[in-house]
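In what follows, every chain begins at residue 1, and chains take the letters A, B, ... in the order their sequences are listed. Bear in mind that the values here come from a model prediction, so they are computed numbers and not experimental data.
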2 protein chains.
Amino acid sequence: MSCEELLLARLRARGLRLTPQRELVLAALHHLEGAATAEEIYARVHAVSASVDISTVYRTLELFQEFQLVSSFDPGDGKRRYEHLGVEAPHHHLVCRVCGQVIPISHGDVRPLAAYLAETYGFVVDEGDLTISGLCAPCHAAQTNAAVPSDSMTPDYQTQQVET
Amino acid sequence: MSCEELLLARLRARGLRLTPQRELVLAALHHLEGAATAEEIYARVHAVSASVDISTVYRTLELFQEFQLVSSFDPGDGKRRYEHLGVEAPHHHLVCRVCGQVIPISHGDVRPLAAYLAETYGFVVDEGDLTISGLCAPCHAAQTNAAVPSDSMTPDYQTQQVET
DNA sequence: TTTGCTCTTGCAACTGATTGCAACTGCAAG
DNA sequence: CTTGCAGTTGCAATCAGTTGCAAGAGCAAA
């Protein structure tokens with residue numbers, strides 16, 4: 001089942017409609033691989049149809065999150081990132097507090113903690129959207145050496161490949 | 001060492017000053033036990049000295065976080081909560097996606113995951129500020145029963161006692 | 001005391017994101 | 001076709017939070 005068909009099915013199941021705006025947001029997500037800001041998604045949508053409002057983009061992204069078509073995470077720079085979950089399973093993110101690098105990790109990595117929390121507190125951890133703040137390896141090394149390698153200081157939110 | 005003395009020492013160590021504004025924010029944090037919003041803290045500070053600006057409160061809270069006097073977390077309702085860490089050790093929070101209840105957990109609970117992430121990715125997890133989204137026990141039970149108990153629907157961000 | 005420096009602050013403007021609302025759309029029933 | 005209605009949208013207002021900047025305050029050296 002293609003992504004559009006999946007969306008259509010999810011919408012129909014709740015009596016919602018497949019509108020041009022929603023198609024445009026989905027297309028933008030397809031094109032913008034990896035983690036994109038709402039502003040970036042809006043820019044792509046707006047380029048095709050200038051009348052679409054950014055509030056519609058936000059509402060659509062929220063809807064897509066309910067449908068598990070999209071996950072989002074906040075890397076702590078005040079700009080939430082949205083990721084298309086077409087093929088990838090829901091996953092979590094390690095975000096470096098210093099350089100902003102994002103490392104995706106699978107839910108499997110978090111499962112032992114989730115099991116512990118379920119047993120101890122009866123708390124069921126969501127499979128998506130867990131963002132763990134800390135220091136990536138280069139920044140941690142740099143911090144302990146009190147010297148920061150210059151090539152790790154540029155924030156970029158490109159996601160790495162993760163072995164699953 | 002009292003809390004004010006600790007703050008003074010931390011400030012001095014970095015050549016910063018103990019101002020009335022900073023004392024007022026600290027006092028407000030003392031008074032507002034548990035998790036308070038910036039607005040609530042500002043309200044208390046403003047009641048004592050009306051000329052203090054909310055931007056000063058935000059900047060002060062950020063400074064206190066650097067000093068580990070305060071930790072903050074985002075329960076997902078768009079209003080960040082700030083907690084005084086006077087006696088408590090840094091800890092994490094489980095936030096229920098449905099009712100908004102916040103359950104504090106110790107860093108010890110997260111340590112196995114942190115150790116795994118350090119080993120696998122070289123990523124060093126921060127001791128504070130990890131917020132885990134999911135469903136609390138009542139809401140999870142309600143969801144599987146497709147019926148929500150009425151007494152668990154009111155969001156409150158009072159923190160429970162946690163056994164450490 | 002005067003000078004010069006840094007830290008600190010209030011103010012205003014701004015950002016990313018959300019919300020209320022009236023207008024519009026698609027669609028099914030009469 | 002007309003009516004009714006739920007769903008949807010663009011617009012404007014609003015919200016929490018951040019930032020730039022100029023003025024002010026503290027403090028040490030001359």
Side-chain angles (χ1 to χ4, degrees), chain A residues 7-26 28 35-46 48-67 70-82 100 129 131 155 157, chain B residues 7-26 28 35-43 45-46 48-67 70 72-82 100 129 131 155 157:
Chain A
L7 173 59
L8 185 57
R10 298 269 170 86
L11 287 166
R12 286 279 163 78
R14 278 190 27 193
L16 306 181
R17 302 182 195 140
L18 181 58
T19 63
Q21 289 89 338
R22 287 173 181 164
E23 287 184 292
L24 286 172
V25 171
L26 185 60
T37 63
E39 209 69 36
E40 288 164 350
I41 295 163
Y42 171 65
R44 279 205 76 80
V45 171
H46 192 80
V48 180
S49 176
S51 72
V52 178
D53 195 76
I54 193 158
S55 67
T56 302
V57 173
Y58 278 111
R59 282 186 278 227
T60 304
L61 287 170
E62 197 185 337
L63 189 66
F64 286 3
Q65 284 184 268
E66 277 182 54
F67 290 162
V70 161
S71 80
S72 77
F73 63 97
D74 182 0
D77 65 347
K79 291 177 197 168
R80 182 161 280 271
R81 299 309 197 280
Y82 298 87
D129 300 4
T131 303
Y157 293 99
Chain B
L7 172 59
L8 185 58
R10 298 268 169 87
L11 287 166
R12 286 278 163 79
R14 281 193 21 197
L16 305 180
R17 301 180 197 141
L18 181 58
T19 63
Q21 288 89 337
R22 288 173 180 164
E23 288 184 292
L24 285 172
V25 171
L26 184 61
T37 63
E39 208 69 36
E40 288 165 351
I41 295 162
Y42 171 65
V45 171
H46 192 81
V48 179
S49 177
S51 73
V52 179
D53 195 75
I54 193 158
S55 66
T56 302
V57 172
Y58 277 111
R59 281 187 279 230
T60 303
L61 286 170
E62 196 186 338
L63 189 68
F64 286 3
Q65 282 184 270
E66 278 182 52
F67 290 162
V70 161
S72 77
F73 63 96
D74 182 359
D77 65 346
K79 290 177 197 169
R80 183 161 279 272
R81 299 310 198 278
Y82 299 86
D129 301 3
T131 304
Y157 292 99

I'd like a list of close polar pairs between nucleotides 15-24 of chain D and the protein, N/O only, cut-off under 3.5 Å.
residue: D:dA16; atom: O3'; partner: B:Gly78; partner atom: O; Å: 3.2
residue: D:dG17; atom: OP1; partner: B:Arg80; partner atom: N; Å: 2.8
residue: D:dG17; atom: OP2; partner: B:Tyr58; partner atom: OH; Å: 2.4
residue: D:dG17; atom: O5'; partner: B:Tyr58; partner atom: OH; Å: 3.1
residue: D:dG20; atom: O6; partner: B:Arg59; partner atom: NH1; Å: 3.4

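Distance OG1/A:Thr56 to CG/A:Leu63: 12.0 Å, rounded to 0.5 Å. To the nearest 0.5 angstrom, B:Tyr58 atom OH is 6.0 Å from B:Glu39 atom CD. One distance of note links CZ of B:Arg81 with CG of B:Asp74; it measures 8.5 Å at 0.5 Å rounding.
For the ring-ring contact (aromatic ring centres under 6.0 Å, His included) test, residues two or more places apart in sequence or in another chain that qualify with A:Tyr42 are A:His46. Under the side-chain hydrogen bond (donor to acceptor under 3.5 Å, both in side chains) criterion, B:Glu62 pairs with no residue, sequence neighbours left out. Shown here are the side-chain hydrogen bond (donor to acceptor under 3.5 Å, both in side chains) partners of A:Ser72, two or more places apart in sequence or in another chain: A:Gln65, A:Arg80.
Spacing between atom CZ of B:Arg12 and atom C1' of D:dA28 amounts to 14 Å, rounded to whole angstrom units.
Protein chain B touches strand DNA chain C; the 5'-most and 3'-most nucleotides with an atom under 4.0 angstrom of its non-hydrogen atoms are C:dT6 to C:dC11.
The two residues A:Lys79 and A:Asp77 come nearest to each other via the heavy atoms N-OD1, 3.0 Å.
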Give every donor-acceptor pair under 3.5 Å between a side-chain atom in residues 9-26 of chain B and any protein atom, sequence neighbours left out.
residue: B:Arg10; atom: NH1; partner: B:Phe67; partner atom: O; Å: 2.3
residue: B:Arg14; atom: NH1; partner: B:Glu66; partner atom: OE1; Å: 2.7
residue: B:Thr19; atom: OG1; partner: B:Arg22; partner atom: N; Å: 3.2
residue: B:Arg22; atom: NH1; partner: B:Arg17; partner atom: O; Å: 2.7

